[in-house]
J.: 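Please find one structure pasted underneath; my questions will follow.
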Protein chains: 2
Amino acid sequence: MNTPAQASHDDSYASEHDHKKCVSEALGTAEHLCVVRGVQLTPIRHQVLELIWENHKAVKAYELLDRLKPQMDAAKPATIYRALDFLIEQGLIHRVESLNAFVGCRCSAHQHEQLLLICNNCQEVEERSAPEVMQALSQEIKQADFIVHSKALEIHGICVKCAQTMAGEQH
Amino acid sequence: MNTPAQASHDDSYASEHDHKKCVSEALGTAEHLCVVRGVQLTPIRHQVLELIWENHKAVKAYELLDRLKPQMDAAKPATIYRALDFLIEQGLIHRVESLNAFVGCRCSAHQHEQLLLICNNCQEVEERSAPEVMQALSQEIKQADFIVHSKALEIHGICVKCAQTMAGEQH
DNA sequence: AGTTAAGTGTTATATTATAACATTCGTCTT
DNA sequence: AAGACGAATGTTATAATATAACACTTAACT
């Protein structure tokens with residue numbers, strides 16, 4: 001499979017906002033939730049979650065594996081996939097179905113199913129709770145007499161920042 | 001990867017409605033659209049489309065390959081994937097992202113992006129145009145200043161028929 | 001000490017998908 | 001007719017994604 005182009009803004013998400021705060025909040029919430037739920041956020045799981053939170057881009061399992069290896073020589077596919085399974089079960093990350101990739105979840109404590117806006121240019125993923133969409137969805141699903149287990153709501157396109165960057169480069 | 005349980009109703013979609021008509025309409029529309037668009041629905045592509053339309057279940061690429069081989073001994077992965085790429089480009093089938101599988105599209109001529117209700121029990125997929133959902137989505141995406149390229153809207157759960165079957169089996 | 005359950009280590013393999021290059025075939029050009 | 005072309009297909013190889021299966025460790029409980 002081809003390596004997707006990894007556009008990267010100077011003013012990327014990671015620098016535009018206070019990403020350290022962003023990460024520490026996410027990890028703090030994760031640690032707290034795991035204690036509350038009586039599940040173990042083991043060192044491996046914590047490391048994988050940290051790697052995922054390095055930015056807001058969707059990241060592939062084998063890329064995480066490569067990034068984990070320097071810290072953990074023994075890391076194998078199963079190491080990553082087990083950690084990912086746990087993190088998904090706990091709602092701490094999203095699996096991006098349309099990319100076979102993973103991204104941190106900011107909404108672990110609340111409802112987990114969100115609308116994902118996925119930039120085809122920079123791979124950053126924006127989560128939106130999109131209440132009107134969810135409301136309309138509920139109605140529609142109810143009309144169909146369908147019993148929901150899970151939702152994957154993924155929009156691909158170009159994010160604001162990339163659109164601006166591209167517009168700037170036109171001149 | 002595990003083989004998903006393939007539940008199958010006596011009163012399955014395929015027998016409940018006039019599936020022959022369903023298939024002939026789908027194939028007829030496909031043939032017509034390809035003529036209009038000046039693209040070639042070659043024998044291979046036609047055969048793959050027919051295989052996909054054998055039922056309303058999401059089907060895997062390698063399962064299609066196995067089903068194609070009796071008719072076409074030379075069939076290889078590339079054979080299937082090329083046909084699938086064409087059919088997707090032309091909007092004649094959906095790729096179900098959350099299953100890495102494929103299903104016939106009833107709405108080729110109109111808007112292609114639909115809400116998919118995917119039964120975890122029988123693998124049947126119901127397409128719904130869900131105008132209210134699409135309207136709410138447009139609003140939400142506009143608010144995010146996001147430029148849409150494509151949408152994957154996939155709901156997993158249990159379809160009406162399976163729910164009824166299960167309820168019946170409780171006694 | 002013995003048992004158990006959860007987590008991890010390790011090897012192997014299954015599943016999904018694409019790359020790369022050769023060949024065929026019909027059509028258009030000369 | 002000969003050659004050029006583009007689209008489709010044939011063919012081989014391999015990349016990328018994911019899981020199975022079984023062994024081992026550890027901590028908690030009995």
Side-chain angles (χ1 to χ4, degrees), chain A residues 1-6 30 34-35 37-49 51-52 58-69 71-90 92-103 123 152, chain B residues 1-6 30 34-35 37-49 51-52 58-69 71-90 92-103 123 152:
Chain A
M1 210 170 255
N2 64 333
T3 308
Q6 280 276 349
C34 287
V35 170
R37 293 173 183 169
V39 296
Q40 299 181 55
L41 190 59
T42 61
I44 292 180
R45 291 165 176 177
H46 197 280
Q47 281 178 72
V48 172
L49 187 58
L51 288 174
I52 289 175
V59 60
K60 301 279 192 168
Y62 277 73
E63 194 193 321
L64 286 172
L65 182 53
D66 289 341
R67 292 210 251 139
L68 184 59
K69 273 180 181 161
Q71 312 167 41
M72 232 197 101
D73 201 41
K76 300 271 182 339
T79 314
I80 285 290
Y81 280 106
R82 283 169 180 159
L84 290 171
D85 286 348
F86 172 86
L87 295 171
I88 290 168
E89 263 173 30
Q90 297 302 320
L92 303 175
I93 63 174
H94 292 287
R95 181 182 157 86
V96 184
E97 299 290 354
S98 51
L99 291 177
N100 297 330
F102 306 86
V103 71
Q123 280 67 60
Chain B
M1 211 172 254
N2 64 334
T3 309
Q6 282 273 351
C34 287
V35 170
R37 293 172 182 170
V39 296
Q40 299 181 54
L41 189 60
T42 61
I44 292 180
R45 291 165 176 176
H46 197 280
Q47 279 178 75
V48 172
L49 186 58
L51 288 174
I52 289 175
V59 59
K60 302 279 195 167
Y62 277 74
E63 193 192 322
L64 285 172
L65 182 53
D66 289 342
R67 291 211 252 138
L68 184 59
K69 272 179 180 161
Q71 309 169 41
M72 232 197 99
D73 200 41
K76 301 269 182 341
T79 315
I80 285 289
Y81 280 106
R82 283 169 181 157
L84 291 172
D85 286 348
F86 171 85
L87 296 171
I88 289 169
E89 264 173 31
Q90 297 302 322
L92 302 175
I93 62 173
H94 292 287
R95 180 182 159 85
V96 183
E97 298 290 353
S98 50
L99 291 177
N100 296 330
F102 306 86
V103 72
Q123 281 68 59

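In what follows, chains carry the letters A, B, and so on, assigned in the order in which the sequence lines appear, proteins first and then strands, with residues in each chain numbered from 1.
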J.: Could you tell me which non-hydrogen atom of B/N100 sits nearest to which non-hydrogen atom of B/K60, and how far apart they are?
T.: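 Closest approach of B/N100 to B/K60, heavy atoms only: O-CD, 3.5 Å.
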J.: Would you indicate, yes or no, if C/dA17 has its OP1 or OP2 atom less than 4.0 angstrom from a side-chain nitrogen or oxygen of B/R95?
T.: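 Yes, because at least one side-chain N or O of B/R95 sits under 4.0 Å from OP1 or OP2 of C/dA17.
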J.: Could you measure the distance from the CG atom of B/L68 to the CD1 atom of B/I80? Nearest 0.5 Å is fine.
T.: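 It comes to 5.0 Å.
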J.: Specify the separation, in whole Å, of atom CD1 of B/I44 and atom P of C/dT24.
T.: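 One finds 15 Å between P of C/dT24 and CD1 of B/I44, rounded.
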J.: The side chain of B/Q40 lies closest to which of these nucleotides: C/dA17, D/dA7, D/dA18?
T.: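 Among the listed nucleotides, the one closest to the side chain of B/Q40 is D/dA7.
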J.: In whole Å, what is the span from the CD atom of B/E89 to the C1' atom of D/dA8?
T.: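 In whole Å, D/dA8 C1' and B/E89 CD are 13 Å from each other.
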J.: Need to verify one output field. Residue with the more 5' nearest nucleotide on DNA chain C, A/A74 or B/D85?
T.: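 On the 5' side of the pair lies A/A74.
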J.: Could you please name the option among C/dT10, C/dA17, D/dA18 that lies closest to any side-chain atom of B/P77?
T.: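 Closest of the options to the side chain of B/P77: C/dA17.
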J.: Rounded to whole Å, please give me the gap between CG in B/L64 and C1' in C/dT16.
T.: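 That distance rounds to 13 Å.
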J.: Answer yes or no: is there a side-chain heavy-atom contact under 4.5 Å between B/T79 and B/V48?
T.: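 No. Closest side-chain heavy atoms not under 4.5 Å.
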J.: Reckon B/K60 has a side-chain N or O less than 4.0 Å from the OP1 or OP2 of C/dT15?
T.: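 Looking at the OP1 and OP2 atoms of C/dT15, neither is under 4.0 Å from any side-chain N or O of B/K60.
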J.: Base of C/dG7, side chain of A/R45 - is there a donor-acceptor contact under 3.5 Å?
T.: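 A donor-acceptor contact between them is absent.
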J.: Identify the two heavy atoms, one from A/F102 and one from A/R95, that lie closest to each other, and give their separation to 0.1 Å.
T.: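 Result for this residue pair: CZ-NH1, 3.4 Å.
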J.: Among the nucleotides D/dA20, C/dC21, C/dG9, which one has an atom lying closest to any side-chain atom of A/A78?
T.: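 Given the options D/dA20, C/dC21, C/dG9, the side chain of A/A78 is closest to D/dA20.
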J.: Starting at atom NZ of A/K76, determine the distance to atom P of D/dC22, rounded to an integer number of angstrom.
T.: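 About 19 Å, once rounded to whole Å.
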J.: Between C/dT15 atom P and B/I80 atom CD1, what is the distance in whole Å?
T.: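 Spelled out: CD1 on B/I80 to P on C/dT15 is 16 Å.
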J.: Would you kindly give the OH-to-P distance between B/Y81 and C/dA20, to the nearest whole Å?
T.: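 Rounding to the nearest Å, OH of B/Y81 and P of C/dA20 are 18 Å apart.
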J.: Using OP1 and OP2 only, check whether a side-chain N or O of B/T42 sits under 4.0 Å from D/dT9.
T.: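 For D/dT9, OP1 or OP2 has a side-chain N or O of B/T42 closer than 4.0 Å.
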J.: State, yes or no, whether a side-chain contact exists between B/Q71 and B/L51 at a heavy-atom distance under 4.5 Å.
T.: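 With C-beta onward as the side chain, the pair touches.
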J.: For the base of D/dT17 and the side-chain ring of A/Y62, does the geometry meet a stacking cutoff of under 5.5 Å between centres and under 30° between planes?
T.: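 Here A/Y62 meets both the 5.5 Å and the 30° conditions.
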J.: Between atom CG in A/L99 and atom C1' in C/dT16, what is the gap in whole Å?
T.: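 Checked: the CG to C1' distance equals 15 Å.
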J.: Think B/N100 has a side-chain N or O under 4.0 angstrom from the OP1 or OP2 of C/dA17?
T.: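 True: B/N100 side-chain N/O within range (under 4.0 Å) of C/dA17 OP1/OP2.
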J.: Would you mind reading off the distance between A/D73 atom CG and C/dG9 atom P, rounded to a whole angstrom?
T.: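 Result: 11 Å.
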